[in-house]
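Report on the following structure.
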Amino acid sequence: MRAVTGLLCLAATVMVGCATTQPLAQVPASLTTMPMPSGAAVASEVHGVPVESCDATASLRPSELSGPAVQAIRQRGRLVVGIDQNTNLMSFRDPVSGELTGFDVDIAREVARDLLGDPGRVEFRLLTSPERITALQGGTVDIVVKAMTITCARAEKIAFSTVYFDAHQRLLVPTDSSIQGPADLAGKRVCSQVDTTSLATVARVAPAAILLAVQNWDDCLVALQQGQADAASTDDSILAGMAVQDPYLHLVGPSLENEPYGIGMNKSREDLVRAVNASLERMRRDGTWLSLYRKWLTVLGPPPAPPSPRYRD
Ligand code: GLU
């Protein structure tokens with residue numbers, strides 16, 4: 001009966017959290033032979049990326065004058081937003097209402113408020129991390145709001161807004177783990193999502209770690225709980241969303257990399273980039289940014305000032 005309760009609790013934890021979850025040390029041995037999350041694989045060819053050297057966080061100056069891209073969105077009457085549904089706190093399904101919700105979801109709704117006069121005029125398209133850039137290049141979404149770090153390589157392919165959140169990559173480990181930082185990761189299994197800055201940063205700061213690459217961030221939580229990963233590594237905003245679901249996990253170690261989040265857009269849609277930057281200016285100015293931080297992210301600490309925008313024109 002105890003084992004069944006533990007199993008049920010483990011499953012429930014993945015969804016909504018469970019105060020009586022057993023510590024990993026007490027999880028029955030049979031759980032560690034459970035199948036890996038679908039699509040999980042040990043990554044072998046991940047090359048470390050150099051720390052940012054270009055000026056990719058500088059964006060286009062805001063303007064509310066509408067051009068062809070903004071006009072097309074207004075004609076359609078909906079903003080099509082690429083987003084995730086597996087990242088607790090940032091963008092996830094509310095377990096009661098089934099609605100997409102979270103910091104990124106609210107940021108997208110605020111952009112719709114400014115472009116279309118109504119935060120409800122949003123159509124969400126679910127994307128995995130590798131799909132973010134192709135969806136923008138192919139024009140199947142107008143904007144991507146998915147905990148997306150601005151990098152030089154990405155900025156060659158898509159346009160970014162100004163920074164709307166400053167995340168930092170860290171480690172998430174069981175509370176009884178001896179891992180305290182990147183120096184302790186040699187030979188350890190570290191979980192991260194495919195095609196993310198997170199995976200590349202682990203490869204750079206802990207080259208002797210075994211990289212477990214999964215399809216969704218929730219899979220890292222499952223892999224940790226099933227004893228298939230020793231640590232997970234990604235942005236603190238995402239790791240905090242896992243930690244609040246499991247009291248036996250906590251964030252450790254220093255910041256491994258700065259992760260400035262930007263809203264992604266197609267490079268040719270300059271008027272949309274300027275309109276989105278105007279919307280972010282409004283959110284910083286009128287207290288919306290602060291109230292969204294307070295609503296979702298206080299688990300990271302007291303609210304910082306909103307990131308200061310930088311412009312290049
Ligand atoms: N911020 C990281 C990235 O853009 C990880 C977040 C994610 O991919 O969901 O690659």
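No hydrogens, no waters, no symmetry mates; every other heavy atom, side chains included, goes into these values. Counting starts at 1 for both ligands and their atoms, in listed order.
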query: Quick one: do the Asp195 and Ser129 side chains pair a donor with an acceptor below 3.5 Å?
result: no

query: Is it true that Arg125 and Glu123 make a salt bridge, defined as a side-chain N closer than 4.0 Å to a carboxylate O?
result: yes

Backbone or side-chain N or O of [X] under 3.5 Å from ligand 1 N or O:
X	result
Ser129	yes
Ala147	yes
Asp235	yes
Tyr261	no
Gln193	no
Thr149	yes
Trp217	yes

Indicate, as side chain, backbone, both or neither, the part of [X] found under 4.0 angstrom from ligand 1 when only non-hydrogen atoms are considered.
X	value
Arg132	side chain
Ile238	side chain
Arg154	side chain

query: Within a reach of under 6.0 Å around CZ of Arg74, are more than 12 heavy atoms found that belong to other residues, nucleotides or ligands?
result: yes

task: Tell me, yes or no, whether the heavy-atom count around Gln71 atom CD, taken from other residues, nucleotides or ligands under 6.0 Å, exceeds 12.
output: yes

ring-ring contact (aromatic ring centres under 6.0 Å, His included) partners for Phe165, two or more places apart: Phe103, Tyr261

- request: Can you tell me which residue pairs pass the disulfide bond (SG atoms under 2.5 Å apart) test with a partner in residues 192-296, sequence neighbours excluded?
  value: Cys191-Cys220

message: Quick check on contacts: which atoms of ligand 1 are under 4.0 angstrom from a heavy atom of Met148?
response: 4 (O)

field: Ligand-side contact atoms (ligand 1) for residue partner Ser198, heavy atom cut-off under 4.0 Å
entry: 5 (C)

statement: The closest protein heavy-atom partner of atom 2 (C) of ligand 1 is Thr197 OG1, 3.2 Å

- request: Take Arg132 and Thr128, measure what side-chain contact (heavy atoms from CB on, under 4.5 Å) needs, and give me the verdict at the end.
  value: CA-CA 7 Å; Arg132 293 179 290 201; Thr128 61; over 6 Å; no

- prompt: Quick one: does Gln169 get within less than 4.0 Å of ligand 1, heavy atoms only?
  reply: no

statement: Value for OG (Ser91) from CH2 (Trp296), rounded to nearest 0.5 Å, stands at 10.0 Å

task: Give, for atom CG of Leu272 and atom OG of Ser63, the distance between the pair rounded to the nearest 0.5 Å.
output: 11.5 Å

